[in-house]
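Keep in mind it's a predicted model, so treat the numbers as computed, not measured. In what follows, every heavy atom counts, from backbone to side chain, and hydrogens, waters and symmetry copies are set aside.
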Amino acid sequence: MAQEEVKMGGLRAPYHATPMQSTVINIQSEPQVPDHVVWSLFNTLFLNCCCLGFVAYAYSVKPRDRKMVGDMIGSQSHASTAKYLNIFSTVLGLLGILVFIILLATGTGMSFQALSPMMGQQGH
């Protein structure tokens, strides 16, 4: 057992006479262009006011095609148009929902007040 310890104790890391060389690889990343497809799909399915959600969806698919062709300016232009259409569609859709809720809340109360005298007259 003592001989095994001596044999293993003499092991060292390999010695390199030349210094280690490193290689640097520069990877140029393409600029990220957000295409807003998920937002456009949401607007198309739930807040499709005046078909703006569908138009935004059509414009949000185009940046991917333009990027594949190599037209980054066109890709950014279509992405920007999709973004503005999505903002406009979201705002109009939420305003429509808000107005509907307000009309529903106040209209129900007004219609009940208008119908209550008629209901009282029919009973007598």
Side-chain angles (χ1 to χ4, degrees):
M1 190 138 170
Q3 291 177 345
E4 290 176 15
E5 289 178 8
V6 173
K7 287 181 184 178
M8 294 181 80
L11 295 177
R12 291 188 286 157
Y15 176 74
H16 296 286
T18 60
M20 300 271 304
Q21 294 181 356
S22 62
T23 304
V24 177
I25 300 173
N26 293 326
I27 300 174
Q28 296 178 353
S29 64
E30 296 178 4
Q32 296 292 333
V33 178
D35 52 10
H36 308 291
V37 172
V38 176
W39 190 11
S40 299
L41 191 61
F42 175 80
N43 283 336
T44 301
L45 295 176
F46 298 110
L47 303 173
N48 199 12
C49 183
C50 300
C51 294
L52 286 175
F54 181 71
V55 175
Y57 182 73
Y59 271 97
S60 66
V61 173
K62 289 182 181 182
R64 292 182 181 183
D65 297 336
R66 295 282 87 199
K67 190 175 175 184
M68 292 299 289
V69 174
D71 182 15
M72 294 308 291
I73 295 172
S75 176
Q76 290 172 347
S77 172
H78 288 301
S80 176
T81 303
K83 177 182 173 184
Y84 291 128
L85 286 171
N86 277 321
I87 289 171
F88 197 56
S89 177
T90 302
V91 168
L92 281 179
L94 291 177
L95 282 176
I97 291 171
L98 185 65
V99 166
F100 177 74
I101 290 172
I102 290 172
L103 289 176
L104 186 66
T106 58
T108 303
M110 287 183 200
S111 65
F112 180 71
Q113 290 174 355
L115 291 176
S116 63
M118 291 181 201
M119 298 297 261
Q121 291 174 356
Q122 288 178 357
H124 289 295

Does one hydrophobic cluster hold both Val33 and Val37, with members joined at side-chain heavy-atom distances below 4.5 Å?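 Cluster IDs for Val33 and Val37 differ.
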Phe46, Ile101: one ILVMFWY side-chain cluster at the under-4.5 Å cut-off? yes
Spatial distance of atom OG (Ser75) from atom CZ (Arg64) [nearest 0.5 Å]: 10.5 Å
From Tyr57 OH over to Leu45 CG, what is the distance, rounded to the nearest 0.5 angstrom?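 Interatomic distance, Tyr57 OH to Leu45 CG, rounded to 0.5 Å: 9.5 Å.
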Counting only heavy atoms not in Leu98 (residues, nucleotides, ligands), do more than 12 fall under 6.0 Å from its CG?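 Enclosed: over 12 neighbouring heavy atoms sit under 6.0 Å from CG of Leu98.
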With a cut-off of 6.0 Å (strictly less than), are more than 12 heavy atoms of other residues, nucleotides or ligands near NZ of Lys83?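 For Lys83, atom NZ is not crowded (no more than 12 foreign heavy atoms under 6.0 Å).
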Can you give me the closest heavy-atom contact between [X] and [Y], atom names plus distance?
{"X": "Leu85", "Y": "Ala56", "value": "CB-CB, 3.7 Å"}
{"X": "Cys49", "Y": "Ser89", "value": "N-OG, 4.4 Å"}
{"X": "Ala79", "Y": "Pro34", "value": "CB-O, 3.1 Å"}

With distance as the sole test, does Thr106 use its side chain to make a donor-acceptor pair with the main-chain N or O of Ile102 at under 3.5 Å?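 Confirmed, Thr106 side chain pairs with Ile102 backbone.
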State whether the side chain of Thr90 and the backbone N or O of Asn86 hold a donor-acceptor pair below 3.5 Å, judged by distance alone. yes
Counting C-beta onward and ignoring hydrogens, is there a side-chain heavy-atom pair between [X] and [Y] closer than 4.5 Å?
{"X": "Asp71", "Y": "Ile73", "answer": "yes"}
{"X": "Ile97", "Y": "Leu47", "answer": "yes"}
{"X": "Val55", "Y": "Tyr59", "answer": "yes"}
{"X": "Lys67", "Y": "Gln32", "answer": "yes"}

Classify the angle between the aromatic ring planes of Trp39 and His36 as parallel (below 30°), tilted (30 to 60°) or perpendicular (above 60°).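 Because their plane-to-plane angle is over 60°, the rings of Trp39 and His36 count as perpendicular.
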